[in-house]
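Beneath this line is the structure, given in structure tokens, with notes to follow.
Chain letters run A, B, ... following the sequence lines, proteins first and then strands; every chain starts at 1.
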Protein chains: 2
Amino acid sequence: MPKRVDHEERRTQIAEALVRVAGRCGLHAVGMRDVAAEAGVSLRLVQYYFQSKEKLLHYGLQHLAERFGERAAARVRAAGDDPEPRVMVEAVLKASLPTDEEGRTFHLVYTSYAVLSVTDQALAAQSFIDKPVAAEDAVTGLLQKAQEAHLTRPGMDARLEAISLLAMAAGLGTSILVGQRSAESAAAVLDHHLNRIFRGNGHDKALSTTPRSAPGPAH
Amino acid sequence: MPKRVDHEERRTQIAEALVRVAGRCGLHAVGMRDVAAEAGVSLRLVQYYFQSKEKLLHYGLQHLAERFGERAAARVRAAGDDPEPRVMVEAVLKASLPTDEEGRTFHLVYTSYAVLSVTDQALAAQSFIDKPVAAEDAVTGLLQKAQEAHLTRPGMDARLEAISLLAMAAGLGTSILVGQRSAESAAAVLDHHLNRIFRGNGHDKALSTTPRSAPGPAH
DNA sequence: ACGTTGATGGTACGGCTGTACCATGATGGT
DNA sequence: ACCATCATGGTACAGCCGTACCATCAACGT
């Protein structure tokens, strides 16, 4: 036999090429030849590891969701060891905002997939329900934990706020993508609502951009 | 000369065909032949009234935004003469939710255009900034009016809440589209936030689904 | 009355796309 | 040492797409 190649590795390499070119030219414009060129392999190879374009797209979405989860987890870790719930929620939400090139690609390509899945039932059957529900559950869990620790305003509905925050982040992300809004102003909107949900750290209004360096009133 | 035809009317007819087929098969999948067949005209006619596909898409987006504005206005009018600000805001927000077939098509095709415009600069130059900003201004104005009439909770930032509500409606709309959430639960989320923003009409929590048939406390 | 001009139909062409087929190194088991 | 087999390359094919070209019919101005 010839050199045995790790198929999963090659598939990952090609899938990442797919995401890159989709982020650059739009998912609708990607052809198998573009993916092959971006990955530095021949068209035949893409055919070899994915039998059809449909399977390539399928795997690409799976890979994208995975990478996005890793990105969010990394953001949370970057917030330090055992961070406050609010910081964790903030990290997750802002990871989904297209503030950098990676986030831009994620949001654009993911939205493209979402639009595709509406009319393409083969994509719809996939992870367009599971993944967001998982994110919703995660944020809901964080909010509930915070609620149990009395870190939130009284009378908060954890799941409802989680849904609201995620939907808002998604909507804001799209408006950033189309150039309607700046990433900073979108982040400010999210901050406002986090201030509304969580107690402490001062009032919920008009703390605007200036980060309070002084510690808030001792819990 | 032959029968003089109203070009604008024909263009509208074709543009509506474009929106219909895009809502059915996805904007990425629409070809000029599909549009022609849907409009009941020949391919040549589509070429005749729009010189290129790019111009057709351009006009289609313009038409879509226009029709969406009319839809929202109709919803507001349907709320009665001189309705409360809250009812008007609610009408605008829920008009953008894909609760019926028309709304589904609007949201899907509009989102498709948004995704396209990110990578297609010819589309980006168009109304993807003006239109949403107009909506944002409109909702902001309504909230400010309500605030001046002391119909809102104190300390509300009208523009910030307008941005939040619109972003949330957009995000919720997409989640409805992909089948993740029901239209009713999305509407409930919006209701919650309207209850949070506006004062009166009972408490802001747990009025859940039961519509209050009894009239609220006399203004 | 007639010819110019607007509206429409049919069709062909070049390019691109996904897929299939054939060929050929490279390598490990026997 | 050899051959079966994995990995890879090149290329051809059918189909669709947007666009362009040519033809035709109808009607208004003169």
Report summary line: If pairing means Watson-Crick or G-U wobble with both distances under 3.5 Å, then the partner of C:dT30 is D:dA1

Report task. Answer yes or no: does a side-chain N or O of B:Tyr49 lie under 4.0 Å from OP1 or OP2 of C:dA7? Result -> no

Report task. Counting heavy atoms from C-beta on, name the nucleotide in C:dT17, D:dC17, D:dG9 closest to the side chain of B:Lys53. Result -> D:dC17

Query raised in the report: For A:Arg10 and D:dC6, what is the distance between atoms CZ and P respectively, to the nearest whole Å?
Result: 16 Å

Query raised in the report: Between atom CG in B:Leu56 and atom C1' in D:dT19, what is the gap in whole Å?
Result: 14 Å

Requested in this report: Could you please spell out the steps behind the side-chain contact (heavy atoms from CB on, under 4.5 Å) verdict for A:Leu27 and B:His28?
Outcome: CA-CA 10 Å; A:Leu27 188 59; B:His28 66 282; over 6 Å; no

Report summary line: Between CD1 of A:Ile14 and C1' of C:dG18 the distance, given in whole Å, is 15 Å

Query raised in the report: Which whole-number value in Å describes the distance from B:Leu57 CG to D:dC17 P?
Result: 14 Å

Report task. Report yes if at least one side-chain N or O of B:Tyr48 is closer than 4.0 Å to OP1 or OP2 of C:dT8; otherwise report no. Result -> no

Query raised in the report: Once you round it to whole Å, what is the distance between P of D:dC16 and CG of B:Leu43?
Result: 14 Å

Query raised in the report: So, is B:His7 near the phosphate of C:dA7, with a side-chain N or O under 4.0 Å from OP1 or OP2?
Result: yes

Query raised in the report: Given D:dA7, C:dT17, D:dA20, which nucleotide is nearest the side-chain atoms of A:Asp34?
Result: C:dT17

Report task. Please state whether the base of C:dG9 and the side chain of B:Arg44 form at least one donor-acceptor pair under 3.5 Å? Result -> yes

**Report entry** Minimum heavy-atom distance B:Leu97-B:Ala186, with the two atoms named
**Finding:** CD2-CB, 4.2 Å

Query raised in the report: Is the NZ or CZ atom of A:Arg71 positioned over A:Phe106's six-membered ring, under 6.0 angstrom from the centre and within 45° of the axis?
Result: no

Requested in this report: Scan A:Phe50 against the nucleic acid and name what it touches under 4.0 Å (heavy atoms): base, sugar-phosphate only, or nothing.
Outcome: nothing

Query - Nearest heavy atoms of A:Gln13 and A:Ala39, plus distance in Å - result: NE2-O, 3.1 Å

Query raised in the report: Of the nucleotides D:dT8, C:dA20, C:dT17, which has the atom closest to the A:Arg33 side chain?
Result: C:dT17

Query raised in the report: D:dG18 P sits how many Å from A:His28 NE2, rounded?
Result: 12 Å

Report summary line: Rounded to whole Å, CD of A:Gln47 lies from P of C:dT17 at a distance of 14 Å

**Report entry** Euclidean distance, atom CG of residue A:Leu45 to atom P of C:dA26 [Å, nearest integer]
**Finding:** 15 Å

Report task. Would you state whether a donor and an acceptor, one from the side chain of A:Arg4 and one from the base of C:dG28, lie under 3.5 Å apart? Result -> no

Query - Nearest atoms (heavy-atom pairs only) where A:Ile129 meets B:Gly179 - result: CD1-O, 3.6 Å

Report summary line: Of the listed C:dG9, C:dG18, C:dA7, the closest approach to the A:Met32 side chain comes from C:dG18

